[in-house]
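Naming convention: chains lettered A, B, ... in sequence-line order (proteins, then strands); numbering from 1 in each chain.
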Amino acid sequence: MPLKVYNSLTRQKEVFQPINPPYVGMYVCGPTVSGESHLGHARPFITFDVVYRYLKFLGFKVRYVRNITDAGHFEEEGRDAEDKISKKAVLEKLEPMELVQKYTNLYHWAMSRFNNLPPSIEPTATGHIVEQIEMIKKIIADGYAYEANGSVYFDVEKYNTDFSKKGQPYGILSGRVLEDQIESTRELDNQDEKRNKSDFALWKNAPAEHIMRWQSPWGEGFPGWHIECSAMSTKYLGEEFDIHGGGMDLQFPHHECEIAQSTVCNHKMPARYWLHNNMITINGKKMGKSYNNQIKLTEMFTGTHPMLAQAYSPQTIRFFILQSHYRGTLDFSNEALQASEKALKRLWDAYEWVIAQQFADNSTAKDASLDANVVKLVGEFTEFMNDDLNTAKVLANMFELVSIINSIKDKHIQADALSSATVQLLQTQLKQFVEEVFGLKNERESDDGKLNGVLQLLIDIRKEAKSKKDFLTSDKIRNELAALGVQLKDEKDGGMSYSIS
RNA sequence: GGUCCUGUGGCCGAGUGGCUAGGCAGAGCUCUGCAAAAGCUUCCACAGCGGUUCGAAUCCGCUCGGGACCUCCA
């Protein structure tokens, strides 16, 4: 069964066929680095990290482009159209680029803690002003944009009229009809400069107080909020590429505008497959700026937010996100995150144990039906991923395997119940999916061996105490280590192991 | 108002018309000096009302509820 993905453009699952196999071009809308990332931002970055990882797993050569928006978009609160980054820079008395750097660093830090692979190219908007200006010039030359008072606007009406004839009206991605839009569009700043309310800015004239500004054929200004993605995706992935991803809230107007801009410039629909992840909700409401209900990632990791009962590690959050399908909403709650934390630990413990085991050679399975079941569960990993990346179902299978693995570990099931071939399949596939595809990693503090030595010593003392039935001493060791965050476990075979939380 | 999505057991969440997803929590048992961990068993579902069907959580209709986008937003 080939990989199928749900394409927002066609509103159905489609077989994924790259334009130039084995190469795949994927563009994902990155962060605006005018502030800290919150939990909601984590979803697309983790979701598309898994898409990236899975495509690589399937053998595709992927160029993954994810931009950094550092040029500042409008914040049209009240009357003054201001550049978010400039405004905040003044407040914090930082240079705009200093501020951008600070939040970019913080973002990269969070991404690495999630164990997200860095994209192949991470272009910045400020680094591509020239490309954006060139693109705008082309759109004007083709007659789909006009200048007004040093700003440039995209003529949505004309685009819609002309491209509807080619079967590509404005609104094709989000299923909107332009005529319905016009009446409902809100009053925006400088509305009078536009010919129509639905027109959007390609370039904005910079008022005197605006710090971030660039020279252009239309005077000093800054780019509009959609053009960077069109310019950079075209530059690095070509006029037509395979996958465009992002959050569902970007579908309209952002991605719709990208389609219009790119189509005028390149005479092609920019991307073939449009993938959109759904939102993280909190108390049933989307976590986002509009509701002022975000929990920043730094707050998640440290537990410093009134809504948080405790800190949640990056891998717990990653696992939490993987437990649901990316196109559904995912509701945040302490209970849900705590469940994820425990589940992840159970999965990881069993996983670590089984891949480290050397099983004796065993050509025939003593328990044929169990053996067959393991083969089936493992085989379904790709089957489920191929069905629009159903990570939730893969995890369900992994937990069924966890039970089997733990039973072998506890000797409820004999090791020779499974054939060597099956054990090997289990080990390799689990490793591939847990680490390579899902990108889960061990969060335990790495130590230099000294800590391990100290703990082994304590374990030995505890064993001795136990053998003498000196439970006072043995319990003291266990309890005091527990208070320090080290859990001792008595194994079935009389051994002991520890884990550090 | 327009476009669209959604309503699953205490909580989070999968789900192809017929075969109890899974996780966390609860209960019992096994193991254990006691714990913890683990294993086994078990309880608790498909918003409501109709319809299609031999059979529906799954398809259709209506009602009620929740949400997203239409404006910056992942």
Side-chain angles (χ1 to χ4, degrees), chain A residues 11 28-32 34 37-48 73-77 81 84 171 174-177 179-181 183-189 198 225 245-254 256 276-281 284-291 294 319-320 323-325 327-347 349-350 353 384 387 390-400 402-413 466 469-471 474-475 478-479 482 487-492 497 499:
Chain A
R11 269 155 275 243
V28 174
C29 292
T32 301
S34 61
S37 297
H38 59 78
L39 179 60
H41 294 108
R43 173 99 105 141
F45 302 141
I46 290 172
T47 298
F48 289 102
H73 288 166
F74 308 126
E75 196 164 44
E76 279 156 336
E77 290 167 0
K84 265 199 261 185
S174 54
R176 277 157 222 279
V177 179
E179 288 73 37
D180 299 341
Q181 290 287 306
E183 288 314 305
S184 61
T185 306
R186 199 182 68 158
E187 281 298 326
L188 292 176
D189 209 55
S198 51
W225 28 280
M248 265 181 190
D249 48 356
L250 293 181
Q251 208 174 15
F252 189 91
H254 184 59
E256 208 70 74
H276 291 101
N277 63 274
N278 215 316
M279 304 293 106
I280 286 185
T281 58
K285 286 260 194 296
K286 169 185 161 185
M287 184 181 286
K289 220 166 92 183
S290 325
Y291 298 106
Q294 311 104 307
F319 180 88
F320 172 64
Q323 260 188 315
S324 70
H325 185 83
R327 280 194 296 109
T329 55
L330 173 58
D331 201 50
F332 163 87
S333 69
N334 280 292
E335 235 181 325
L337 262 299
Q338 283 160 359
S340 292
E341 186 180 81
K342 288 188 182 174
L344 173 60
K345 187 180 184 308
R346 197 160 85 94
L347 173 66
D349 285 350
W353 183 83
F384 294 156
D387 186 14
N390 201 327
T391 53
K393 289 185 83 167
V394 174
L395 279 174
N397 273 24
M398 285 182 182
F399 278 101
E400 296 204 27
V402 164
S403 282
I404 296 167
I405 290 165
N406 283 333
S407 292
I408 295 171
K409 184 182 174 188
D410 285 354
K411 305 205 163 51
H412 295 308
I413 294 175
K466 273 186 70 173
K469 297 208 186 296
D470 177 7
F471 299 124
S474 68
D475 285 357
R478 189 176 63 197
N479 295 338
Q487 286 76 42
L488 288 189
K489 281 191 279 189
D490 294 351
E491 303 290 348
K492 290 281 181 228
S497 66
S499 63

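On the C1' atoms, B/G23 is 8 Å away from B/G13, given to the nearest whole Å. B/C12 sits 23 Å from B/C5 when the P atoms are compared, rounded to a whole Å. Rounded to the nearest Å, the gap between the C1' atom of B/C64 and that of B/U52 is 23 Å. When the C1' atom is used for both B/G7 and B/U58, the distance is 14 Å, rounded to whole Å. Nucleotides B/U41 and B/U20 have their P atoms positioned 14 Å apart, rounded to a whole Å. The P atoms of B/U6 and B/C40 are separated by 35 Å, rounded to the nearest whole Å. Annotation: B/C43 and B/G10 have their P atoms spaced 14 Å apart (nearest Å). Taking the C1' atom of each, B/G65 and B/U8 are spaced 15 Å apart, rounded to whole Å.
Scanning for side chain to side chain donor-acceptor pair (under 3.5 Å) contacts around A/Q294 gives an empty result, with sequence neighbours left out. A/D490 is linked by a salt bridge (Lys or Arg N to Asp or Glu O under 4.0 Å) to A/R462, A/K466, counting only residues two or more places apart in sequence or in another chain. With sequence neighbours left out, A/F48 forms a ring-ring contact (aromatic ring centres under 6.0 Å, His included) with no residue at all. Residues forming a side chain to side chain donor-acceptor pair (under 3.5 Å) with A/S499 (at least two apart in sequence, or on another chain): none. A search for salt bridge (Lys or Arg N to Asp or Glu O under 4.0 Å) contacts involving A/R478 returns A/D475, not counting sequence neighbours. In this structure A/E400 satisfies the side chain to side chain donor-acceptor pair (under 3.5 Å) test with no other residue, sequence neighbours excluded. For A/D387, the side chain to side chain donor-acceptor pair (under 3.5 Å) test picks out A/K13, with sequence neighbours left out. For A/K342, there are no salt bridge (Lys or Arg N to Asp or Glu O under 4.0 Å) partners two or more places apart in sequence or in a different chain.
One atom, NZ of A/K289, and another, P of B/C69, lie 13 Å apart when rounded to the nearest Å. For A/H41 and B/C73, the NE2 to P distance is 9 Å, given to the nearest whole Å. A straight line from CG of A/L347 to C1' of B/C24 spans 14 Å, rounded to a whole angstrom. Here the C1' atom of nucleotide B/A68 and the CD1 atom of A/I280 are 15 Å apart, to the nearest Å. Across the protein-nucleic acid pair, A/M279 atom CE and B/C4 atom P stand 19 Å apart, rounded to whole Å. The separation between A/Q338 atom CD and B/G10 atom C1' is 14 Å, rounded to whole Å. Between A/D331 atom CG and B/G23 atom C1' there is a gap of 16 Å when expressed in whole angstrom units. Rounded to whole angstrom, the span from the CG atom of A/D249 across to the P atom of B/A68 amounts to 11 Å.
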Starting at the 5' end of nucleotides 34-46 of chain B, put B wherever the base has a protein heavy atom under 4.0 Å, S where only the sugar-phosphate does, and a dash everywhere else.
-> BBBBSS-------
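Across all their heavy atoms, A/S340 and A/F319 have their closest contact at O-CD2, 3.6 Å. Of all heavy-atom pairs spanning A/M279 and A/R43, the tightest one is O-NH2, 3.3 Å. Nearest heavy-atom pair, A/F252 versus A/S174, reported as atom, atom and distance to 0.1 Å: CD1-OG, 3.4 Å.
B/C19 is unpaired under the Watson-Crick or G-U wobble criterion, no partner having all donor-acceptor distances under 3.5 Å. The base-pairing partner of B/G7, taking Watson-Crick or G-U wobble contacts with both distances under 3.5 Å, is B/C64. Checking B/U52 for Watson-Crick or G-U wobble geometry (two distances, each under 3.5 Å) identifies no partner in any strand. B/G39 is paired with B/C29 under the criterion used here, namely a Watson-Crick or G-U wobble arrangement in which both key atom distances are under 3.5 Å.
A/A396 comes within 4.0 angstrom of a base, heavy atoms only.
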Within the sub-3.5 Å range, which N or O atoms of nucleotides 64-67 of chain B have a protein N or O partner, and how far apart are they?
{"residue": "B/G67", "atom": "OP1", "partner": "A/K285", "partner atom": "NZ", "Å": "2.5"}

Enumerate the protein-to-nucleotides 15-19 of chain B contacts in which both atoms are nitrogen or oxygen and the separation is below 3.5 Å.
{"residue": "B/G15", "atom": "OP1", "partner": "A/N390", "partner atom": "ND2", "Å": "3.2"}

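In this model, no side-chain donor or acceptor of A/S333 finds a partner on the base of B/C12 within 3.5 Å.
Stacking between A/F471 and B/G33 is shown: the ring centroid lies under 5.5 Å from the centre of the six-membered base ring, and the planes differ by under 30°.
Of the two residues contacting RNA chain B, namely A/F399 and A/R11, the nearest-nucleotide position lying further toward the 5' end is that of A/R11.
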Please test A/L395 against A/L347 for side-chain contact (heavy atoms from CB on, under 4.5 Å), starting from the C-alpha separation and ending with a verdict.
-> CA-CA 9 Å; A/L395 279 174; A/L347 173 66; 4.1 Å; yes
Under 3.5 Å, side-chain donor or acceptor atoms of residues 402-412 of chain A against the rest of the protein: list the pairs with distances, not counting sequence neighbours.
{"residue": "A/N406", "atom": "ND2", "partner": "A/V402", "partner atom": "O", "Å": "3.4"}
{"residue": "A/S407", "atom": "OG", "partner": "A/S403", "partner atom": "O", "Å": "2.9"}

